Engineer: 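Structure in structure tokens, see below.
Chain naming here is simple, since letters A, B, ... match the order of the sequence lines and numbering starts at 1 in each. Computed from a predicted model, the values in this text were never measured in an experiment.
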Amino acid sequence: MTVRTRISPSPTGYFHVGGGRTALYNWFLARQSGGAFILRIEDTDQERHNEEAVDGIRRAMRWLGLDWDEEYRQSERAPVYAAAVDRLVGAGVVYNCECTRDDVAARKPPGAPPGYDRFCRDRGLDPAPGRALRFKVPLPGSTTVQDLIHGDVVVDHDNIEDFVVARADGSALFLLANTVDDLDAHVTHVVRGDDHLPNTPKYQLLWDALGGADLPVFAHLPMIVNEKRQKLSKRRDTDKVVMEDYIAEGYLPAAMRNYLALLGWAPGENREIVTLEEMVAQFALADVNSSPAFFDVKKLRSFNGDYIRALSVEEFVAASEPFLAAGPWPPDRFSAETFRAIAPEVQTRVEVLSQVPAMVDFLFLANPPVDDAAWAKVMNADSAAPMLDGVAERYAACTWDADTLHAETLAAGEKIGLKLGKAQAPVRVAVTGRTVGPPLFESLVVLGRDRTLERIDAARARLS
RNA sequence: GGUCCCAUCGUCUAGAGGCCUAGGACACCACCCUCUCAAGGUGGCGACACGGGUUCGAAUCCCGUUGGGACUGCCA
């Protein structure tokens, strides 16, 4: 039996990191077995879905490096669902219901549990406008979900309401469309968030009613949660949930993939940074945890830093390009060659690519802004002035390489009783505008003698 | 409220009854390296929710308690 897995996002907003992990696991399963991975856009709710989101899903999936073999849109499959509804009607497992939410609530004593009270179950209502179709949950009975992650979950039918299968206008609801699609597409593994676990008995009931043979294998993934241990949601956690935001911030797909894969699964042998190939080879649903995992952006950043440092300089330069293109300098002042010269120093100093421009802006801005706090901290007239005077004189005449600049700066500092650590600070602020940044002497080499001297003069003038 | 799920350092996890004095990673702290900041190196802090069983032996199995979460739409 060939493995067939699917990811079935609903295009109501941008692609979610939780969806990313679900997609990743499904993709692992398909790729490790030569099976198929299906993208199914669940847009049966015409009201809420939006087309831009569909593109966003595809973009995010491609960015993650997840390719799919088949793609479906539920909105294009209405006739298939209509046929399924007919089969259910024919089998006598559904009934028409005219109750509104308010009707049901009015019938119940205050404080009673919500859920449909099966009022219309035996009324034998004919189809008519305003009447939805409900599934007649077999009573008595119980359904067992055999879940690879949670084990056997048994639910008594008394606790399953007669859920709506088709709207009054005849259109299919999530549960029906979802089940029919899995049946039609011969999906073998349903791997999704465990927020769907309570739906699964209904899914199984429908599967049987539709004449499905072997059920798919189920694996309900633990939720990815926020610091309050609530499931990550677009509304509550907008700042950390949207995949596109991470793309924009300069995370590497490989780092995101690796981090996501580790949320609920571990490759073993105390290893964390693992290649895609290793993950595909070693991933197993049986090894997935059952408890929720906090989405820790700090750890993600750390992973990203690791991945950035593992890049070759050429790869780093290429990955930085879009962020450089959006830098705060006029485009004509940017030089790829200059960036390439300092790139190895930048590479060990950023955790996300969006930090790159600020590391090198002093090279491409005519007048880099001077940070006020930095200026206040190191530009005290007593030592800064003589220091700047000293290096100005020495830099004007010396050989322009890092070793010489290092020696000259050291000497200028010693002359006024400063160690290099203290001595370099005013020079750094004068030239780069900041107290921190890439190594000073390498930076000066790349900047060039003329501009270095100009900036030292300007700072010196401002000092007096 | 009802149903269901979950419970190892702050966080992600290793752990399938003796290998556990509970391992790794992120974060944090200290030190080393060092022109700043990083990176790198070394070390440190830090957990089996609680109570009962079962067993010669339990983080691991069972029951209960407590605590968290999901679901509870003619949304998906």
Engineer: What contact category does A:R301 fall into here, base, sugar-phosphate, or nothing, at under 4.0 angstrom with non-hydrogen atoms?
Structural biologist: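 If one applies the 4.0 Å heavy-atom cut-off, A:R301 turns out to touch nothing in the nucleic acid.
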Engineer: Taking atom C1' in both B:G46 and B:A22, compute the distance separating them and give it to the nearest angstrom.
Structural biologist: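 After rounding to an integer number of Å, I get 12 Å for this pair.
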Engineer: N/O contacts under 3.5 Å, protein versus nucleotides 7-13 of chain B?
Structural biologist:
from	atom 1	to	atom 2	distance (Å)
B:C12	OP1	A:R229	NH1	3.2
B:C12	OP1	A:R229	NH2	3.1
B:C12	OP1	A:F294	N	2.9
B:C12	O2'	A:L262	O	3.2
B:C12	O2	A:K299	NZ	3.4
B:U13	OP1	A:G264	N	2.7

Engineer: Work out how far the P atom of B:G40 is from that of B:C26, and round it to whole angstrom.
Structural biologist: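 To the nearest whole Å, 8 Å.
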Engineer: Under a 3.5 Å cut-off for both contacts, is B:U72 paired Watson-Crick or G-U wobble with anything, and if yes, with which nucleotide?
Structural biologist: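 For B:U72, the partner nucleotide comes out as B:G1, under the 3.5 Å rule.
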Engineer: So for A:N270 and B:G23, does any side-chain atom that can act as donor or acceptor lie under 3.5 Å from a complementary atom in the base?
Structural biologist: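 Side chain to base: pair found, below 3.5 Å.
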Engineer: I'd like to know if the side chain of A:D158 and the backbone of A:P140 have a donor-acceptor N/O pair within less than 3.5 Å.
Structural biologist: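 Side chain of A:D158 to backbone of A:P140: no pair is present.
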Engineer: Using purine N1 to pyrimidine N3 plus N6-O4 or O6-N4 for Watson-Crick, or N1-O2 and O6-N3 for G-U wobble, each under 3.5 Å, what pairs with B:C50?
Structural biologist: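 B:G64 is the nucleotide pairing with B:C50.
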Engineer: Is there side-chain contact between A:V155 and A:V145, with at least one heavy-atom pair below 4.5 Å?
Structural biologist: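 Answer no - side chains too far apart.
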Engineer: Test your reading of the model: is there a side-chain donor-acceptor pair from A:T432 to the backbone of A:R434, 3.5 Å cut-off?
Structural biologist: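 Side chain of A:T432 to backbone of A:R434: a pair is present.
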Engineer: What is the distance from CD1 of A:I149 to P of B:C5, rounded to the nearest Å?
Structural biologist: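 These atoms are roughly 14 Å apart.
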Engineer: C1' atom, B:C50 versus B:U3: distance in rounded Å?
Structural biologist: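 Those two atoms are separated by 25 Å.
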Engineer: Please confirm whether the shortest side-chain N or O distance from A:R167 to OP1 or OP2 of B:A76 is below 4.0 Å.
Structural biologist: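 Yes, A:R167 has a side-chain N/O under 4.0 Å of OP1/OP2 on B:A76.
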Engineer: Look at the side-chain N and O atoms of A:T12 and state whether any lies under 4.0 Å from the OP1 or OP2 oxygen of B:C75.
Structural biologist: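 For B:C75, neither OP1 nor OP2 has a side-chain N or O of A:T12 closer than 4.0 Å.
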Engineer: Can you tell me the Watson-Crick or wobble partner of B:U55, both distances under 3.5 angstrom?
Structural biologist: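 Base-paired to nothing in any strand shown.
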Engineer: Please state how far atom CG in A:D194 lies from atom P in B:A70, giving the value in whole angstrom units.
Structural biologist: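 Between P of B:A70 and CG of A:D194: 10 Å.
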Engineer: Would you tell me whether A:S171 and A:R167 have side-chain atoms, one donor and one acceptor, within less than 3.5 Å of each other?
Structural biologist: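 A pair is found: one side chain offers a donor N or O, the other an acceptor, under 3.5 Å apart.
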Engineer: Given A:D117, which of A:K108, A:R101, A:R107, A:R134 fulfils the salt bridge (charged side-chain N to carboxylate O under 4.0 Å, His left out) condition?
Structural biologist: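 Only one option passes, and that is A:R107.
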Engineer: Check every strand shown and say whether A:R134 touches a base, only sugar-phosphate, or nothing at a heavy-atom separation below 4.0 Å.
Structural biologist: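 Touches sugar-phosphate only.
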Engineer: Just by distance, do the side chain of A:R449 and the backbone of A:A396 share a donor-acceptor pair under 3.5 Å?
Structural biologist: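 Pair found, side chain donor or acceptor close to backbone of A:A396.
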Engineer: Under 6.0 Å from the NZ atom of A:K422, do we count more than 12 heavy atoms belonging to anything else shown?
Structural biologist: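 No, because the 6.0 Å sphere around NZ of A:K422 holds 12 heavy atoms or fewer from other groups.
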Engineer: Write down the distance separating the P atoms in B:C48 and B:U60, rounded off to the nearest Å.
Structural biologist: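 So the two P atoms sit 12 Å from each other.
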Engineer: Could you measure between the two C1' atoms, the one in B:C31 and the one in B:C45, and give it in whole Å?
Structural biologist: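 Their C1' atoms lie roughly 15 Å apart.
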Engineer: Once you apply a heavy-atom cut-off of 4.0 Å, does A:H220 come out as touching a base, just sugar-phosphate, or nothing?
Structural biologist: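 It contacts nothing in the nucleic acid.
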Engineer: Please name the nucleotide paired to B:C31 by Watson-Crick or G-U wobble geometry with both distances under 3.5 Å, or report none.
Structural biologist: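 B:C31 is paired, partner B:G41.
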Engineer: Sticking with atom P, work out how far B:C12 lies from B:G52, rounded to a whole angstrom.
Structural biologist: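 Nearest-Å result for B:C12 against B:G52 at atom P: 28 Å.
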Engineer: Whole-Å distance between B:C75 C1' and A:F163 CZ?
Structural biologist: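 Interatomic distance, CZ of A:F163 to C1' of B:C75: 16 Å.
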Engineer: Do A:R40 and A:N178 touch side chain to side chain, with heavy atoms closer than 4.5 Å?
Structural biologist: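 Yes - at least one pair of side-chain heavy atoms lies under 4.5 Å apart.
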Engineer: What residues form a side-chain hydrogen bond (donor to acceptor under 3.5 Å, both in side chains) with A:Y203, not counting sequence neighbours?
Structural biologist: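 Only A:D182 meet the side-chain hydrogen bond (donor to acceptor under 3.5 Å, both in side chains) criterion with A:Y203.
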Engineer: Could you please name the partner base of B:U11, counting Watson-Crick and G-U wobble pairs only when both distances are under 3.5 Å?
Structural biologist: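 Checking every strand shown, B:U11 finds its partner in B:A25, with both distances under 3.5 Å.
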Engineer: Could you check how far CG of A:D102 sits from P of B:G73, rounded to whole Å?
Structural biologist: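 Taking atom P of B:G73 as the reference, CG of A:D102 is at 13 Å.
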Engineer: Between B:A59 and B:G18, how far apart are the P atoms? Round to whole Å, please.
Structural biologist: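 10 Å, rounded to whole Å.
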Engineer: Over how many whole Å does the gap from A:D195 atom CG to B:G73 atom C1' extend?
Structural biologist: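 After rounding, the reported distance stands at 15 Å.
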Engineer: So if I define the base as every atom that isn't primed, P, OP1 or OP2, how would nucleotides 32-47 of chain B read as a B/S/- string at a heavy-atom cutoff under 4.0 Å?
Structural biologist: ---BBBBSS-------
Engineer: Determine whether a donor-acceptor pair (N or O, by modelled atom type, separation under 3.5 Å) exists between the side chain of A:R229 and the backbone of A:P292.
Structural biologist: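 Yes: the side chain of A:R229 pairs with the backbone of A:P292.
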Engineer: What is the separation between atom CG on A:D147 and atom P on B:A70, rounded to the nearest whole Å?
Structural biologist: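 Distance, rounded to whole Å: 18 Å.
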Engineer: Quick one: on RNA chain B, does A:P9 or A:H150 contact a more 5' nucleotide (nearest heavy atom)?
Structural biologist: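 It is A:H150 whose nearest nucleotide is closer to the 5' end.
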Engineer: Looking at A:V137, A:T179, A:I160, A:T143, which hits side-chain contact (heavy atoms from CB on, under 4.5 Å) with A:K202?
Structural biologist: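 Of the listed options, the one satisfying the test is A:I160.
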Engineer: Name the nucleic acid region contacted by A:G19, choosing base, sugar-phosphate or nothing; use a 4.0 angstrom heavy-atom cut-off, strictly under.
Structural biologist: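 Result for A:G19 = nothing.
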Engineer: Just the rounded figure in Å: distance from P of B:A76 to CG of A:D181.
Structural biologist: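 Atom CG in A:D181 sits about 12 Å away from atom P in B:A76.
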Engineer: Could you tell me how far apart A:Y116 (OH) and B:G73 (C1') are, to the nearest whole angstrom?
Structural biologist: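 After rounding, the reported distance stands at 15 Å.
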Engineer: Once you apply the 3.5 Å cut-off to both distances, tell me the Watson-Crick or G-U wobble partner of B:U36, or none.
Structural biologist: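 Result: none.
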Engineer: Could you measure between the two P atoms, the one in B:A49 and the one in B:A58, and give it in whole Å?
Structural biologist: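 Between the two P atoms, the distance is 15 Å.
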Engineer: Is a side-chain donor or acceptor of A:R236 paired with a backbone partner of A:N226 at a separation under 3.5 angstrom?
Structural biologist: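 Between the backbone of A:N226 and the side chain of A:R236 there is no qualifying donor-acceptor contact (under 3.5 Å).
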